[in-house]
2 protein chains.
Amino acid sequence: MLSLHQLRCFLATYEHGSLTAAAEELGYAQPSVSEQIRGLEQTLGVQLFRRVGRGVIPTTVADTLRPHAEQTLAAAEDTRLAAQQVRRIETGTIRFGMFGVARLYAGADLVADVLERHPGVRVELIGQNSSEVHEDLRRGRLEAAMIAMPGVTSEGMEVRPVARDEVVYASADPTHLERPMTVRRLAEASLVMPETTWRTDDSVRTLLRQALQGTGLSLQTRIEVEDPEIAVELMGRGYGDTVLPKGAAEVLLPRLAPHAGFVSLRPRLYDYFAVVHRAGARLSPAAELMIELATARIQRIAEPV
Amino acid sequence: MLSLHQLRCFLATYEHGSLTAAAEELGYAQPSVSEQIRGLEQTLGVQLFRRVGRGVIPTTVADTLRPHAEQTLAAAEDTRLAAQQVRRIETGTIRFGMFGVARLYAGADLVADVLERHPGVRVELIGQNSSEVHEDLRRGRLEAAMIAMPGVTSEGMEVRPVARDEVVYASADPTHLERPMTVRRLAEASLVMPETTWRTDDSVRTLLRQALQGTGLSLQTRIEVEDPEIAVELMGRGYGDTVLPKGAAEVLLPRLAPHAGFVSLRPRLYDYFAVVHRAGARLSPAAELMIELATARIQRIAEPV
DNA sequence: TGAAAGCACAGGCATATCCTTGAGATGGCG
DNA sequence: CGCCATCTCAAGGATATGCCTGTGCTTTCA
């Protein structure tokens, strides 16, 4: 079987015209190199050197094969170098999970931060939804992610909260915003809510469910949509009120519902941002980097914990 | 240390997304492949797959390294294929030794014969002079050759005569050609002879020396030149007579000395063509081919022995 | 919740690799 | 012609490699 070691011995011998010199360069004993050459000649079925008592002389076959051997070794070296570059985050792809609202807060800045420090890398920010990110983590498609809590959590995940964001009540009707919104009145409100598909996993909905738990009340959602942007726009047009993290409200309301406003809930509810990855996993340098940068970005917008 | 085997296991695993499937394809047990992957990860210092209980998932590092691994294996395969092609004389270089006059007789036809049967090869016909060819053989730079005999012969060479060519006396003066040239009259002739540099090794001169040995006579060379062509041309212009193999005379006289002719010597002298290579050497297919074709060509012109 | 799939780990065996040493052959060189 | 350099070959041993079997853990799926 052809081996890189054989090719290395071959080239060293070719260049020095001597097994002894080749062995010296490679740090082996001369019979070892001799054996490698013989093995190579046998696997290829050709004679590479003519043994002429003193020294060896490359045959024309050796002349022909030398460029191929060099290219093979160069390709192997390239493989090694590529791995080193990836290791030092000079190149390669960094894939990181981030659910919708977190991406909205910090996505562009996070990518900019990464490229600032590591101009050669590719960046993939994965995940429309926290629950999807979670699934990718569980299946191993993602190494680490920034998710919203509370939400789906399964065994074997390590979750580290890094910031919290108050959940607020937003409305286009100023009379709805005269005082903080209580849970009791919330249950009577006519709401337009996003994340329809993920309604059972969505962190805001989970928070509201928990707050309503034991009161016998439940949420009235008049309109269900997927995108927070659409929910906010509908709220702005007066089709209903909505509940969303304060950070999202500050970003979306001026743009999509300029006449609307928001108030706190009573009791206050908090959406948490957390770093999550498989429990017991040793994180790659790239993942550590992403966690560090994403945490820094999130903590500029939301309150660190 | 990076190995081709590791890369093969890596690619098989990457493509199947499973160590078990890769092992099956490669014909190994699953732990063997697992070990190879682990070894590769260790030598490269990166994680290639995420182990997720059931199955393995390639990391982005694996995505990045896969093309490099493929190229390395392709280069190795290329090396192997190049060797196979050389082995079957489909490509590569055939180097063969042939001294001046033999090349003159059969050189172009011999190369044409080779290229007819093996269109992909390169051909090198080496050697201005029999003695130089001999040195190349001894040093291993040449595998085999067609030489003139008698000439220099050292120990350790296997010499097989394949044809003989009568040595003739050529002159532009018809009175010199009225009867066969005796050795005695030869010693009195005014000669123009080629192969000045190699005069002690040249086979025609060696033959003449042997013929004159014991007579007390010696050769008179009026003019010494290197090329047989120049010697013949000078002879044609009447500056002296010359001695050369009959085959060479038949080729050169019509072209360079149209009014000259030649006669036999008495006793007749014969120049021998011989195949020669290092004793005990196993010849490559390419060398066998050259010997076969060169012999056939020479035997068409000179008398087989 | 049990069965099946898939991987890691451990133990063990066979072989390969690489080393050393020493003897023998061969060719170059003074 | 003898010495030196260099290669081959052989023997022997230490170590590494490659591979297998068996086992246990985790995850998936019915």
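Below, chains carry the letters A, B, ... as their sequence lines are ordered, and counting in each starts from 1. All values below were derived from every heavy atom in this structure, side-chain atoms included, with hydrogens, water molecules and symmetry-related copies excluded.
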From [atom1] of [X] over to [atom2] of [N], roughly how many Å is that when rounded to an integer?
{"X": "A:Arg138", "N": "D:dT26", "atom1": "CZ", "atom2": "P", "result": "15 Å"}
{"X": "B:His16", "N": "C:dC7", "atom1": "NE2", "atom2": "P", "result": "12 Å"}
{"X": "A:Leu19", "N": "D:dC9", "atom1": "CG", "atom2": "C1'", "result": "14 Å"}
{"X": "A:Leu137", "N": "D:dT27", "atom1": "CG", "atom2": "C1'", "result": "16 Å"}
{"X": "B:Gln42", "N": "D:dA16", "atom1": "CD", "atom2": "P", "result": "13 Å"}
{"X": "B:Gln36", "N": "D:dA16", "atom1": "CD", "atom2": "P", "result": "16 Å"}
{"X": "B:Gln47", "N": "C:dC7", "atom1": "CD", "atom2": "P", "result": "14 Å"}
{"X": "A:Tyr28", "N": "D:dT15", "atom1": "OH", "atom2": "C1'", "result": "14 Å"}

Exercise for the section: Check whether any side-chain N or O of A:Ser32 sits under 4.0 Å from OP1 or OP2 of C:dC19, and answer yes or no. Expected result: yes

Exercise for the section: State whether A:Arg51 places a side-chain N or O below 4.0 Å from either non-bridging phosphate oxygen (OP1 or OP2) of D:dT6. Expected result: no

Handout entry: Check: A:Pro194 main-chain N/O paired with A:Arg205 side-chain donor or acceptor under 3.5 Å
Key = yes

Exercise for the section: Spell out, as yes or no, whether a donor-acceptor pair under 3.5 Å connects the side chain of B:Thr13 to the backbone of B:Ala22. Expected result: no

Side chain of [X] only, heavy atoms from C-beta on: which candidate in [options] is closest?
{"X": "B:His5", "options": "C:dA10, C:dC7, D:dG18", "value": "D:dG18"}
{"X": "B:Glu35", "options": "C:dC7, D:dG18, D:dT8", "value": "D:dG18"}
{"X": "A:Pro31", "options": "D:dC9, C:dC19, C:dC7", "value": "D:dC9"}

[X] near the nucleic acid: base, sugar-phosphate alone, or nothing, with a heavy-atom cut-off under 4.0 Å?
{"X": "A:Gly27", "result": "sugar-phosphate"}
{"X": "B:Ser34", "result": "sugar-phosphate"}
{"X": "A:Gln30", "result": "base"}

Problem - Over 12 non-hydrogen atoms of neighbours within 6.0 angstrom of CD in B:Gln71 - result: no

Handout entry: Crowding at CD, A:Gln30 (>12 non-hydrogen neighbours, <6.0 Å)
Key = yes

Handout entry: DNA chain D: 5'-proximal contact among B:Cys9 and A:Arg38 (nearest heavy atom)
Key = A:Arg38

Completion exercise
Comparing B:Gln6 with A:Arg278, nearest DNA chain D nucleotide closer to 5' gives the residue B:Gln6

Practice task
Begin from the C-alpha positions of A:Glu35 and A:Arg38 and carry the test salt bridge (Lys or Arg N to Asp or Glu O under 4.0 Å) through to its verdict.
Solution key: CA-CA 5 Å; A:Glu35 193 177 347; A:Arg38 208 170 320 125; over 6 Å; no

